[in-house]
Engineer: 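Sending over a structure as structure tokens; questions will come in a sec.
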2 protein chains.
Amino acid sequence: MGKGRVTVIDIAKAAGVSKSTVSLVLQASPLVNEITRGKVNAVMRELGYVYNRGAANLRQANARSKIIGIVVNDLTNSFFAELAVGVDTVVQSAGFVQFLSNTSENLDRQREVIASMREHGVSGLIVSPARGTEALDMKPLVAAGIPVVLVVRSVPGAKVSSLVSDNHAGTSAAVEHLTLLGHRRIAFVGGFPDTAVFDERLSGYREAMANTNEGFSEELVISSAPSRAGGVEAIGQGMAMAEPPTAAVCFNDAVAFGVCDGLRARRIEPGRDFAVVGFDNVIEAKTTVPALTTISVDPQGIGQRAAQMLLKQINAGKPEAEQVVSAVRLIVRESCGAADNNPGRRLA
Amino acid sequence: MGKGRVTVIDIAKAAGVSKSTVSLVLQASPLVNEITRGKVNAVMRELGYVYNRGAANLRQANARSKIIGIVVNDLTNSFFAELAVGVDTVVQSAGFVQFLSNTSENLDRQREVIASMREHGVSGLIVSPARGTEALDMKPLVAAGIPVVLVVRSVPGAKVSSLVSDNHAGTSAAVEHLTLLGHRRIAFVGGFPDTAVFDERLSGYREAMANTNEGFSEELVISSAPSRAGGVEAIGQGMAMAEPPTAAVCFNDAVAFGVCDGLRARRIEPGRDFAVVGFDNVIEAKTTVPALTTISVDPQGIGQRAAQMLLKQINAGKPEAEQVVSAVRLIVRESCGAADNNPGRRLA
DNA sequence: TGACAGAATTGGAACGTTCCAATTATTAAC
DNA sequence: GTTAATAATTGGAACGTTCCAATTCTGTCA
């Protein structure tokens with residue numbers, strides 16, 4: 001229709017007021033008369049006015065736009081999709097909208113995406129950093145006073161808030177539970193040794209094992225890709241031992257599913273002949289057969305919590321970095337053998 | 001550090017040139033001398049300059065920002081996560097960044113999110129519309145000349161491009177395949193009856209069934225939520241029939257996984273005792289046990305194609321709406337019982 | 001009626017960028 | 001050594017909004 005876009009001045013002209021008054025209406029100022037407000041609003045609807053956030057942002061150098069950015073390293077992993085949904089629920093009720101971008105674990109892409117979000121004046125950022133992210137990458141953000149909350153992975157040395165789950169406590173609880181069920185040979189399966197998350201989960205396992213009669217033994221740690229395929233491969237290695245394990249604490253749920261596949265291929269039924277515990281509690285965990293015993297980190301909950309931390313920072317003005325470790329709990333289902341009809345029975 | 005943000009004028013001053021020159025450097029204009037360019041770039045890095053896209057956008061009323069928006073109706077469904085990844089790959093190589101928002105099937109939220117994206121001056125929009133979206137909702141977008149590509153679901157009457165998959169042909173092919181394998185009682189399982197996608201998939205099933213000896217029968221259509229849980233529930237209903245089905249064409253892969261779970265819970269092994277066919281070919285489909293026979297709509301491919309359509313429109317200036325129906329093909333894996341070692345064997 | 005307070009409205013400057021037309025510097029051609 | 005052509009640079013206006021200070025309008029009170 002019209003050639004140019006419709007501006008606050010067009011509205012003013014059509015409503016017979018000044019642009020300043022229109023601006024006041026836009027910000028719901030109590031200064032403007034109810035009758036005027038109604039008229040202006042009517043004209044805006046009629047002409048199909050679209051607020052130009054860019055222009056507004058330009059003027060009010062302090063107040064940022066009402067968007068918060070979320071940057072994840074692997075959107076195809078449903079863990080992150082759910083995390084984003086959790087963030088969204090909180091953020092939207094605070095009147096923000098969330099823009100999400102995916103880095104696919106690519107550092108360059110991450111830089112680009114974060115830069116782009118800054119250019120658009122995001123109010124804050126929730127980031128699940130790509131592998132290899134350094135404190136240096138976060139520096140410009142804190143220098144600019146942009147609130148940031150790191151989730152899932154923390155970046156050592158970065159002066160920003162972070163929210164990670166208690167990996168140590170999780171694997172530790174898994175080992176204790178399996179010990180109570182009578183297992184002695186408990187393996188730690190899957191994951192790449194060069195990540196912080198792996199270290200934390202392994203250390204929980206190690207500490208708990210050291211407290212058992214069996215003690216900790218290096219040979220029961222079998223690393224692999226943190227994927228379903230990795231799990232299949234790792235358990236193959238484990239079952240080839242002279243004295244194979246009777247239970248496995250897995251790096252994550254994907255690995256755990258792979259372990260189940262691998263066991264079945266050897267005619268060993270997970271949950272009956274062998275105990276498997278995962279980590280993450282992804283959505284499929286409770287519906288697969290056997291239902292997976294796992295450590296719940298509740299992706300949506302993490303998202304909500306991260307969003308709250310971020311909003312707090314945004315409202316506080318002065319971003320105060322805080323490090324939060326989110327508690328974790330063991331969800332006992334079938335794959336560990338504890339949930340069946342004769343709970344006293346010893347496995348293997 | 002500095003009080004205000006660092007602007008193009010600060011750079012100009014520090015580099016001893018005019019702001020116009022800095023602007024030219026910013027847009028990589030060939031007009032500026034290499035030496036000058038280098039100096040300016042150096043100063044920008046040094047002072048930590050951040051491009052203010054808002055201000056730029058303000059001036060160049062025509063050229064929009066380099067972001068494209070993608071709006072999906074259910075991010076927890078990995079179909080959409082993968083679609084987004086597909087869009088991203090194309091869009092990012094064209095120098096855009098993608099911002100994603102989730103509507104959770106909520107019309108109000110969808111309006112909000114689209115408005116917000118408009119305010120930020122997106123160059124184009126890829127939308128998987130929430131249930132109940134009307135042509136009216138798209139009207140302001142086309143009026144404003146913003147390129148839009150609808151995916152997955154189309155909106156009748158909306159004058160925008162759309163890219164949907166050939167749902168009718170998909171379920172039809174599934175039924176034919178199952179018939180060839182010897183099945184007669186084939187159920188259609190899952191999905192809500194009030195959506196266009198459901199209608200299309202059901203009509204393909206209906207037509208193909210009508211061509212079999214068995215014929216189409218209403219009782220074999222069991223609707224449910226289009227989720228894993230919905231699949232579990234629906235197959236429970238199905239197996240309780242006097243003459244239960246021996247095969248199921250499912251509304252989507254999520255439902256199909258649920259059906260497999262439900263069958264196993266009844267000691268019926270999917271792929272051996274019962275044939276299951278999904279729809280979507282999500283990434284897990286090929287790695288689950290049994291691997292899922294499904295209709296491939298290749299979420300990433302759809303995303304890429306949609307992105308290409310959108311970019312074409314953006315570059316063309318005048319958005320020319322086109323309706324594309326994307327072909328679909330049956331991927332035969334294990335869950336239908338056809339891929340095992342004795343292919344001649346009749347099931348159930 | 002005049003003065004005054006408070007409510008409501010308003011014009012202009014400013015935000016950080018790009019575009020345009022104009023200017024200056026450099027090189028080429030005779 | 002002048003002219004023309006080209007390369008490089010530049011100041012000012014403009015984009016759509018908000019903020020500030022100033023103005024006008026309304027009603028109240030002496």
Engineer: Rounded to whole Å, how long is the line connecting atom CG of L47(A) with atom P of dG16(D)?
Structural biologist: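 In whole Å, dG16(D) P and L47(A) CG are 14 Å from each other.
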Engineer: Any luck finding a side-chain donor-acceptor pair between S101(B) and Q98(A) under 3.5 Å?
Structural biologist: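 The answer is no; no qualifying pair exists.
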Engineer: Could you check whether any side-chain N or O of D10(B) sits under 3.5 Å from a backbone N or O of T7(B), counting only pairs where one atom can act as donor and the other as acceptor?
Structural biologist: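 Here the side-chain-to-backbone pair exists.
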Engineer: Y49(A) side chain: which of dG12(C), dT17(D), dT10(C) is closest?
Structural biologist: dT17(D)
Engineer: Can you tell me how far C1' of dT18(C) sits from CG of L58(B), to the nearest Å?
Structural biologist: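 After rounding, the reported distance stands at 10 Å.
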Engineer: Check the distance between dG16(C)'s P and E119(A)'s CD and give it to me in whole angstrom.
Structural biologist: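 Taking atom P of dG16(C) as the reference, CD of E119(A) is at 15 Å.
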Engineer: Between Q323(B) and V160(B), is there a donor-acceptor pair closer than 3.5 Å when you use the side chain of the first and the backbone of the second?
Structural biologist: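 Pair found, side chain donor or acceptor close to backbone of V160(B).
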Engineer: How many Å lie between NZ on K19(B) and C1' on dT18(C), as a whole number?
Structural biologist: 9 Å
Engineer: Is there a side-chain contact between T7(B) and the phosphate of dG16(C), meaning an N or O under 4.0 Å from OP1 or OP2?
Structural biologist: no
Engineer: When you check the phosphate oxygens OP1 and OP2 of dT9(C), does a side-chain N or O of T21(A) lie under 4.0 Å from one of them?
Structural biologist: no
Engineer: Without placing hydrogens or testing angles, list every side-chain donor-acceptor pair under 3.5 Å for residues 43-52 of chain A, not counting sequence neighbours.
Structural biologist:
residue: N52(A); atom: OD1; partner: G54(A); partner atom: N; Å: 3.0
residue: N52(A); atom: OD1; partner: A55(A); partner atom: N; Å: 3.0

Engineer: Calculate the interatomic distance between D10(A) atom CG and dG16(D) atom P; express it in whole Å.
Structural biologist: 8 Å
Engineer: Could you list, one pair per line, each protein nitrogen or oxygen that sits under 3.5 Å from a nitrogen or oxygen of nucleotides 20-28 of chain D, together with the distance?
Structural biologist:
none

Engineer: When the C1' atoms of the five terminal pairs at each end define the local axes, what inter-axis angle does the helix from dT1(C)-dA30(D) to dC30(C)-dG1(D) show, to 10 degrees?
Structural biologist: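 It comes to 50° between the two terminal axes.
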Engineer: Identify each atom pair where a protein N or O and an N or O of nucleotides 26-28 of chain C are less than 3.5 Å apart, giving names and distance.
Structural biologist:
none

Engineer: Around atom NZ of K139(B), are there more than 12 heavy atoms of other residues, nucleotides or ligands at under 6.0 Å?
Structural biologist: no
Engineer: Between N52(A) (CG) and dG16(C) (P), how many Å, whole number?
Structural biologist: 16 Å
Engineer: For A196(B), give me all partners under side-chain contact (heavy atoms from CB on, under 4.5 Å), at least two apart in sequence or on another chain.
Structural biologist: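 Applying side-chain contact (heavy atoms from CB on, under 4.5 Å) to A196(B) gives E200(B).
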Engineer: When you match R37(B) and A55(B) each to their closest nucleotide on DNA chain D, which lands nearer the 5' end?
Structural biologist: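 Its nearest nucleotide being more 5', the pick is R37(B).
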Engineer: Once you round to the nearest 0.5 Å, how far does CD of Q304(B) lie from CG of D298(B)?
Structural biologist: 7.0 Å
Engineer: Of all of residues 24-36 of chain A, which get a heavy atom below 4.0 angstrom from DNA chain C, listed by number?
Structural biologist: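 Contacts with DNA chain C under 4.0 Å: L24(A), L31(A), V32(A), N33(A), T36(A).
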Engineer: Q110(A) side chain to A130(A) main-chain N or O, any donor-acceptor pair under 3.5 Å?
Structural biologist: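 Yes: the side chain of Q110(A) pairs with the backbone of A130(A).
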Engineer: Do R59(B) and dT18(C) have a side chain to base donor-acceptor pair shorter than 3.5 Å?
Structural biologist: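 For R59(B), whose side chain was compared with the base of dT18(C), there is a donor-acceptor pair (under 3.5 Å).
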Engineer: Please determine whether salt bridge (charged side-chain N to carboxylate O under 4.0 Å, His left out) holds for the pair E322(B) and R305(B), giving the CA-CA distance in whole Å, both sets of side-chain angles, and the decisive distance to 0.1 Å.
Structural biologist: CA-CA 13 Å; E322(B) 53 179 335; R305(B) 190 115 169 250; over 6 Å; no
Engineer: Of the candidate nucleotides dT17(C), dT10(C), dG11(D), which contains the atom at the shortest distance from the side chain of I9(B)?
Structural biologist: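 Among the listed nucleotides, the one closest to the side chain of I9(B) is dT17(C).
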Engineer: Could D88(B) and R109(A) be called an ion pair, given the rule that one side-chain N must be under 4.0 Å from one carboxylate O?
Structural biologist: yes
Engineer: Rounded to the nearest angstrom, tell me the gap between atom NZ in K13(B) and atom P in dT17(C).
Structural biologist: 13 Å
Engineer: So E112(B) and S116(B), side-chain hydrogen bond (donor to acceptor under 3.5 Å, both in side chains) or not? Walk me through it.
Structural biologist: CA-CA 6 Å; E112(B) 249 174 76; S116(B) 184; over 6 Å; no
Engineer: Has S23(B) got a side-chain N or O lying under 4.0 Å from the OP1 or OP2 atom of dT18(C)?
Structural biologist: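 True: S23(B) side-chain N/O within range (under 4.0 Å) of dT18(C) OP1/OP2.
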Engineer: Could you go step by step and tell me if F99(A) and H120(A) meet the ring pair (Phe, Tyr, Trp, His ring centres under 6.0 Å) rule?
Structural biologist: CA-CA 11 Å; F99(A) 286 168; H120(A) 284 95; 8.1 Å; no
Engineer: Would you mind reporting whether V71(A) and M117(A) have side-chain heavy atoms less than 4.5 Å apart?
Structural biologist: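 Yes, close enough: below the 4.5 Å cut-off.
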Engineer: Working to the nearest 0.5 Å, report the span between CG of N73(A) and OG of S104(A).
Structural biologist: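 Between N73(A) CG and S104(A) OG, I get 9.0 Å after rounding to 0.5 Å.
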